[in-house]
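Here is the naming used below: chain letters follow the sequence lines, and residue numbers restart at 1 for every chain.
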Amino acid sequence: MVEKDNEMPKIIVVCGPTGSGKTSLAVQLCKKFNGEIINADSRQVYREMDIGTGKGEVKSEKLKVKSFGVPSAQYLEGVRIHLVNIIEPNNRYTVGQFKINAEEAIADIISRGKVPFIVGGTGMYIDALVDNFQFSSFNFQSISNNQFSIKEKSLEELVKLLEKLDPQALNVVDLKNRRRVEHAIEVCLATGIPFSKQRTKGERKYKVLKLAPLVSLEREKLYEKINKRVDEMIEQGLENEVKSLAEKYGWESEAMTGIGYREFRDESDIEKVKDKIKQDTRNYAKRQMTWFKRDKEIGYIDLKKAEMLVKDFLKK
RNA sequence: GCCGAGGUAGCUCAGUGGUAGAGCGAAGGACUGAAAAUCCUUGCGUCAGCAGUUCAAUUCUGCUCCUCGGCA
């Protein structure tokens with residue numbers, strides 16, 4: 001087991017709620033330890049959504065040597081960043097896709113002798129990658145417009161349908177959560193395998209160090225930072241970004257369901273929009289805190305401590 | 001100063017002669033293919049103050065204070 005540990009590729013996870021400063025922490029660590037960032041944020045994968053997703057100054061540059069087929073790469077403050085700006089705002093991205101893309105990116109980074117830093121606030125993306133969730137392969141896009149008329153059924157009917165397809169699922173699915181019930185049904189129908197048999201974890205593929213900025217634990221401070229950041233986004237022209245996206249892709253598109261975007265839809269008073277964005281962001285941060293809190297592997301640290309831990313982690 | 005409306009949970013407000021509730025917020029929690037999504041749990045608060053009527057008042061009456069409209 002110990003020997004196997006040593007053979008496993010090493011990855012470093014930098015997670016935490018929005019506004020905790022994971023990106024700047026990660027950038028500093030990457031500069032010091034020859035790292036590259038893999039984005040683990042479900043919204044930053046979208047092109048043209050820059051201000052509202054807090055992407056920062058991502059620049060595209062041509063590569064001298066192509067790495068896994070791409071002629072150009074993106075950089076954030078001089079550090080290469082992967083899985084940002086990879087799909088159009090009217091498409092849907094999923095955890096399953098993220099896991100595939102992230103594994104590719106990790107292999108690529110390591111093949112070039114660099115250290116992969118997984119950076120983002122989407123807890124499920126990180127867990128799926130680190131804990132190696134076993135997803136059956138099927139095209140989720142195609143079944144989301146399925147013919148099963150799931151949308152018209154009542155929750156009660158859906159639960160009955162699920163019971164028929166996969167009785168075991170009733171024990172693992174939150175039956176009050178319509179979205180989860182719908183999804184379990186979709187997975188059963190699309191794969192032909194019971195949903196309850198598809199929630200397994202594989203063996204870990206990577207040796208992992210999980211870090212989060214200290215502020216992640218201080219709610220009041222975090223909320224203050226969030227409020228400030230929203231003000232800055234507005235100053236940077238968030239309204240124009242949202243309006244042009246809405247014009248181009250429509251309010252129904254995937255892009256417009258995110259925080260910082262949807263709030264503009266039915267409200268023209270910019271002050272009210274701003275307050276709503278702040279509130280939605282605070283609520284979101286709180287959900288993230290709840291998510292990360294139960295993961296006991298995460299070390300909450302400042303920059304100095306982080307440098308020590310990473311150095312130690314890479315040495316072994 | 002006069003007339004009107006009102007003072008009930010952090011906010012907006014319902015409501016009842018036997019000491020109160022809904023929405024929002026907030027807090028806590030869940031989370032295996034939309035996850036910035038979705039869902040679950042949690043409401044004693046001098047019912048503005050004082051006095052009166054009453055077996056009983058947050059609910060009725062009177063006064064006081066405060067807020068908001070209209071008139072001066």
Side-chain angles (χ1 to χ4, degrees), chain A residues 15-19 39-46 49 51-55 87 89-102 120-146 150-151 155 158-159 169 171-191 193-202 219-220 223 226 229-230 233 242 252-263 272 275-295:
Chain A
C15 57
T18 16
N39 164 248
D41 182 306
S42 68
R43 303 318 280 206
Q44 292 186 11
V45 295
Y46 291 105
M49 298 174 71
I51 300 171
T53 62
K55 219 178 260 172
I87 61 165
N90 52 351
N91 284 356
R92 191 194 278 182
Y93 195 70
T94 67
V95 209
Q97 194 54 48
F98 169 79
K99 196 187 167 223
I100 294 167
N101 294 153
T122 305
M124 193 165 68
Y125 282 18
I126 293 166
D127 287 357
L129 177 69
V130 170
D131 293 326
N132 195 11
F133 287 6
Q134 303 293 294
F135 298 121
S136 327
S137 70
F138 66 90
N139 189 343
F140 192 82
Q141 295 275 5
S142 69
I143 69 154
S144 60
N145 304 315
N146 60 66
I150 281 172
K151 302 285 173 217
L155 180 59
L158 290 176
V159 171
N171 300 321
V172 289
V173 175
D174 178 357
L175 301 177
K176 285 184 181 170
N177 192 337
R178 186 185 176 94
R179 196 136 171 174
R180 298 266 166 78
V181 177
E182 278 180 11
H183 181 70
I185 292 170
E186 286 182 330
V187 171
C188 289
L189 293 171
T191 62
I193 304 164
F195 177 77
S196 59
K197 297 272 183 290
Q198 300 191 48
R199 313 167 71 248
T200 52
K201 290 176 186 173
R219 208 182 52 230
E220 295 293 328
Y223 283 5
I226 285 169
R229 209 163 76 142
V230 172
M233 285 179 182
V242 175
E252 302 296 330
S253 69
E254 206 55 37
M256 306 320 275
T257 62
I259 295 170
Y261 296 85
R262 59 167 121 105
E263 292 86 354
K272 284 187 183 165
D275 286 345
K276 192 73 180 39
I277 294 175
K278 286 176 182 175
Q279 188 163 287
D280 286 349
T281 309
R282 275 183 258 126
N283 290 165
Y284 170 50
K286 195 153 174 299
R287 266 177 276 137
Q288 288 176 301
M289 283 190 258
T290 304
W291 182 288
F292 292 124
K293 226 187 280 178
R294 66 175 178 169
D295 186 344

Exercise. So do A/F195 and A/V173 actually touch side chain to side chain, heavy atoms under 4.5 Å?
Worked result: yes
Exercise. For RNA chain B, whose closest nucleotide is more 5', that of A/T191 or that of A/I259?
Worked result: A/T191
Seminar exercise, completed: Picking from B/U32, B/G25, B/A36, the nucleotide nearest the side-chain atoms of A/R199 would be B/U32
Tabulate protein N/O versus nucleotide N/O from nucleotides 10-13 of chain B, keeping only pairs under 3.5 Å, one per line.
none

For this session: Tell whether A/R179 reaches the base of B/A34 with its side chain through a donor-acceptor pair below 3.5 angstrom.
Result: yes
For this session: May I ask which nucleotide in the shown strands pairs with B/A48, Watson-Crick or G-U wobble, both distances under 3.5 Å?
Result: B/U64
Exercise. With a 4.5 Å limit on heavy-atom distance, are the side chains of A/D127 and A/W291 in contact?
Worked result: yes
Seminar exercise, completed: Closest non-hydrogen contact found for A/I126 with A/A40 is CG1-CB, 4.0 Å
Exercise. Reckon A/Y125 touches a base, only the sugar-phosphate, or nothing at all at heavy-atom distances under 4.0 Å?
Worked result: sugar-phosphate
For this session: Identify, residue by residue, the members of residues 282-291 of chain A with a heavy atom below 4.0 Å from RNA chain B, and return them in order of residue number, or none.
Result: A/R282, A/N283, A/Y284, A/K286, A/R287, A/T290, A/W291
For this session: Give none if B/G23 has no partner; otherwise give the nucleotide forming a Watson-Crick or G-U wobble pair with it, both distances under 3.5 Å.
Result: B/C11
Exercise. Using purine N1 to pyrimidine N3 plus N6-O4 or O6-N4 for Watson-Crick, or N1-O2 and O6-N3 for G-U wobble, both under 3.5 Å, which nucleotide pairs with B/A56?
Worked result: none
Problem set entry | No-H, no-angle donor-acceptor pair, A/R180 side chain to B/A37 base, under 3.5 Å | yes
